[in-house]
Participant: 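Pasting a structure here, questions to come.
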Amino acid sequence: MTASGPDPLKDALDLQERVRVLRALLELQRWQVEVLNKRLHPPTPAGIAARRLLAIKHAEMKRPDLKIPKGVNDP
């Protein structure tokens with residue numbers, strides 16, 4: 001009898017299957033995000049403007065050199 005050790009081929013096949021499943025899940029989530037995005041920001045002028053404003057806000061939040069101004073009553 002031979003001692004059963006790790007099987008690299010089986011491990012590789014299992015990993016390949018897991019990657020395939022994760023890619024399918026990622027594609028499903030990407031589709032869900034697109035559907036939700038279309039519902040939140042329809043392809044109307046108002047929806048396009050809302051999407052642009054959101055993109056600007058996200059870009060500003062990522063800039064470390066911008067300081068958020070404090071209001072008059074903020075400590």
Side-chain angles (χ1 to χ4, degrees):
M1 287 191 156
T2 61
S4 62
D7 185 3
L9 180 59
K10 183 179 181 304
D11 292 344
L13 291 173
D14 288 344
L15 183 61
Q16 186 178 27
E17 179 64 19
R18 287 181 185 174
V19 168
R20 187 188 66 76
V21 170
L22 288 172
R23 282 184 178 160
L25 287 172
L26 181 62
E27 187 60 34
L28 174 63
Q29 286 182 340
R30 184 177 294 137
W31 174 79
Q32 289 172 334
V33 167
E34 287 177 10
V35 168
L36 289 173
N37 197 26
K38 286 179 184 176
R39 286 183 188 168
L40 290 173
H41 308 289
T44 62
I48 292 169
R51 192 176 312 123
R52 287 180 182 165
L53 285 173
L54 189 60
I56 291 170
K57 184 175 181 179
H58 283 287
E60 287 178 350
M61 296 296 286
K62 290 181 181 179
R63 289 185 55 190
D65 59 331
L66 285 180
K67 293 183 180 178
I68 299 173
K70 290 187 178 184
V72 176
N73 295 328
D74 289 345

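Please read these numbers as outputs of a predicted model, since none were measured by experiment.
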Participant: Supply the atom-to-atom distance Lys10 NZ to Leu15 CG, rounded to the nearest 0.5 angstrom.
Facilitator: 12.0 Å

Participant: Would you say Val33 and Leu26 are hydrophobically clustered, going by side-chain heavy atoms of ILVMFWY under 4.5 Å?
Facilitator: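 No; tracing contacts between hydrophobic side chains, which count when under 4.5 Å, never links both residues.
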
Participant: Only one of Leu13, Val19, Val21 clears side-chain contact (heavy atoms from CB on, under 4.5 Å) with Glu17; which?
Facilitator: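 The single option meeting the side-chain contact (heavy atoms from CB on, under 4.5 Å) with Glu17 is Val21.
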
Participant: Working to the nearest 0.5 Å, report the span between CG of Asn37 and CD of Gln32.
Facilitator: 13.5 Å

Participant: From Leu36 CG over to Lys38 NZ, what is the distance, rounded to the nearest 0.5 angstrom?
Facilitator: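 Separation between the atoms: 11.5 Å.
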
Participant: Is the shortest distance from a Lys or Arg side-chain nitrogen in Lys57 or Glu60 to a carboxylate oxygen in the other one below 4.0 Å?
Facilitator: no

Participant: Supply the atom-to-atom distance Leu53 CG to Arg51 CZ, rounded to the nearest 0.5 angstrom.
Facilitator: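 Output value for this atom pair is 11.5 Å.
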
